[in-house]
2 protein chains.
Amino acid sequence: MSQFSEETITLIRQELKKCIPQLSINCVIFRFNGEHLQVPIVQPVQADIWNIPGGYIYQNEGINEAAKRILFEQTEINNLLLSQFGTFGSAQREFSEEIKGYSSLGFPEDIIKHVSQRFVTIGYYSIVGQKQKDLKTGPFFKEVKWVNVNETKSLALDHSHLVSEALLMLRAELQSKPLLASFMPESFTIPELQKLYEAILGRPVDRGNFRQRILKTKILIKVGTATKTGSRPPIVYKLDTKKYLDSLTQDMKLGF
Amino acid sequence: MSQFSEETITLIRQELKKCIPQLSINCVIFRFNGEHLQVPIVQPVQADIWNIPGGYIYQNEGINEAAKRILFEQTEINNLLLSQFGTFGSAQREFSEEIKGYSSLGFPEDIIKHVSQRFVTIGYYSIVGQKQKDLKTGPFFKEVKWVNVNETKSLALDHSHLVSEALLMLRAELQSKPLLASFMPESFTIPELQKLYEAILGRPVDRGNFRQRILKTKILIKVGTATKTGSRPPIVYKLDTKKYLDSLTQDMKLGF
DNA sequence: GCAAAAGTGTTAGTTCTACACCCATGG
DNA sequence: CCATGGGTGTAGAACTAACACTTTTGC
């Protein structure tokens, strides 16, 4: 009662052979939907579990390139900048429970054995803009979707731990880089931006002070004013891309 | 004309088999000799090259434990705290030049092929006190020695790059933790400590301000006064271990 | 005109920076 | 008593945190 054809099995074998064994990559991608901080998770065809997108590294491929490829294959997110937040590999880090049903799906022993080995994984993280709405996953996955970061407790393996570690890194970055704006849509208001900061930091920040600090960086350009707000309409800004890129190279402390 | 007995060869084969393939660990350990920042490097028996201490991970061993074991095996440094500074694995990251002479030393093809594969390495770093003077290396190494960090240009592979990356991480740590004192001997003076900071940061710092900031942390206890100095004798301090450990958990900004 | 949310300003407290000044020692 | 390096104090600038005041909209 195999769900997978002989060709598929052969394809999987070939893929696995092209990769470095026992080493994987996982990508934690943050996005702010205006309300919550979210990450994409994927569901493999073989099991009813949810994972952070991740995969293996080809022999002829650098790890940074592998991270980009894997992310794109599984989510169609085409990302510019992925940074490492750590590498994880305790002795017991392996799929065991999660993988039980595989043989009933028609996977031969050798493949099951391969993927249930102990794995070390390299964690990458990044942030994407709000417009990144449509995720589309690749073969070998049933589904991909965004979930709020505080709803990632039940992911497989140590993946929820990966999310928290990535979030810590993101917070640390906020202190020295105005990464912020990469998250936001083309144009946005300062109160919107503030919500993003509060989502990442997990605490409220003072309105007046926030505004002053952001404007001091001079990376925002006024482009207009919002309408139909029910209260005073906020000023709409866009990013001064040039100044923004400059500000990324030199580190400033903007301690929030 | 083999330099290595059949037993040694067998031993090596067994060791390699017990390890995760194509994945290694390197440890960059900093030490301040009162003048310069230094790191230990080792010379393998097989080749006239110098490496950052490094090795492979056993199948039944977590990566953090592996890092500690490898460091101890190759330098006899018994370290408490090793932190990751990054994982490196470009597609071309492999010994090729460096390994040419191996077959003439009696290594069989399979071993040469194994170690000249493309490797991904996890970088760990730490700092040790000045009293850590005696290094002793393990089997498979000719020698181990301390060298100044700015004399690591000619290490094998990308190891000099690993040193610079580790140093960047160390600098970043200085900003939020008073790591400093782990470096120093049992007792020391503030001007001595300042030299350490300047060595790590690579630039001079203001004397008066440095002193004030260090003392504000309250992690130093006065234990006496130096003698025979040719000028005003500095005050000698030791570390308040309890307060020091406390200060490591909470982050403070002491921005230098 | 009132509530609501955005924009702006102010003030007190703290920290940073760059010094200046004094002090203890050996020669 | 002087050169040297260590210890201490301080004024101005910069930054921080908290909060108050003003403005603009929809109802």
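For the pair R211(B) and dT8(D), the criterion of a side-chain N or O lying under 4.0 Å from OP1 or OP2 is met. Of the side-chain N and O atoms in R232(B), none sit less than 4.0 angstrom from OP1 or OP2 of dG26(C).
Summarising the geometry, atom CZ belonging to F85(B) is positioned 9.0 Å from atom SG belonging to C27(B); distances are rounded to the nearest 0.5 Å.
Atom P of nucleotide dT8(C) and atom CD1 of I214(A) are separated by 15 Å, given to the nearest angstrom. When rounded to the nearest whole Å, the span between CZ of F188(B) and P of dG6(D) equals 15 Å. The distance between atom CD of Q212(B) and atom C1' of dT15(C), rounded to the nearest whole Å, is 11 Å. Look at OH on Y237(A): it is 12 Å from P on dA6(C), rounded to the nearest Å. Distance CD1 (I190(A)) to C1' (dT8(C)): 12 Å, rounded to an integer number of Å. Summarising the geometry, the separation between NZ on K222(B) and P on dG6(D) is reported as 16 Å, rounded to the nearest angstrom. Atom CG in N209(A) sits roughly 14 Å away from atom P in dG9(C) (whole-Å rounding). Nucleotide dG7(C) holds its C1' atom 14 Å from the CZ atom of F210(A), rounded to whole Å.
Distance from the side chain of P234(A) is smallest to dA6(C) among dG7(D), dT17(C), dA6(C). Among dT10(D), dT16(D), dT24(D), the nucleotide with an atom closest to any side-chain atom of K216(A) is dT16(D). Each of dA6(C), dA4(C), dT25(C) was ranked by its minimum atom distance to the side chain of P191(A); first place goes to dA6(C). Closest to the D206(A) side chain, of the nucleotides dT10(D), dC19(D), dT25(D), is dC19(D). Checked against dC19(D), dT25(C), dC16(C), the side chain of P233(B) finds its nearest nucleotide in dT25(C).
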Report all side-chain donor-acceptor pairs from residues 190-205 of chain A shorter than 3.5 Å, counting only partners two or more places apart or in another chain.
| from | atom 1 | to | atom 2 | distance (Å) |
| --- | --- | --- | --- | --- |
| E192(A) | OE1 | T189(A) | N | 3.2 |
| Q194(A) | NE2 | E198(A) | OE2 | 3.3 |
| Q194(A) | NE2 | V205(A) | O | 2.9 |
| E198(A) | OE2 | V205(A) | N | 2.9 |
| R203(A) | NH2 | F256(A) | O | 3.0 |

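Each of T229(B) and L215(A) was assigned the nucleotide of DNA chain C with the nearest heavy atom; the assignment lying further toward the 5' end belongs to L215(A). Mapping T225(B) and G208(B) onto DNA chain C via the closest heavy atom, the residue that lands nearer the 5' end is G208(B).
Within the 4.0 angstrom heavy-atom criterion, only backbone atoms of the sugar-phosphate kind lie near I235(A); the bases stay farther away. Within 4.0 Å of R207(B), counting heavy atoms only, lies at least one base atom of the nucleic acid.
Residue-environment remark: NZ (K218(B)) stays at or below the threshold of 12 foreign heavy atoms within 6.0 Å.
Between S24(B) and N26(B) the shortest side-chain heavy-atom distance falls below 4.5 Å.
With respect to the salt-bridge test (charged N to carboxylate O, under 4.0 angstrom), the residues E73(B) and R69(B) qualify.
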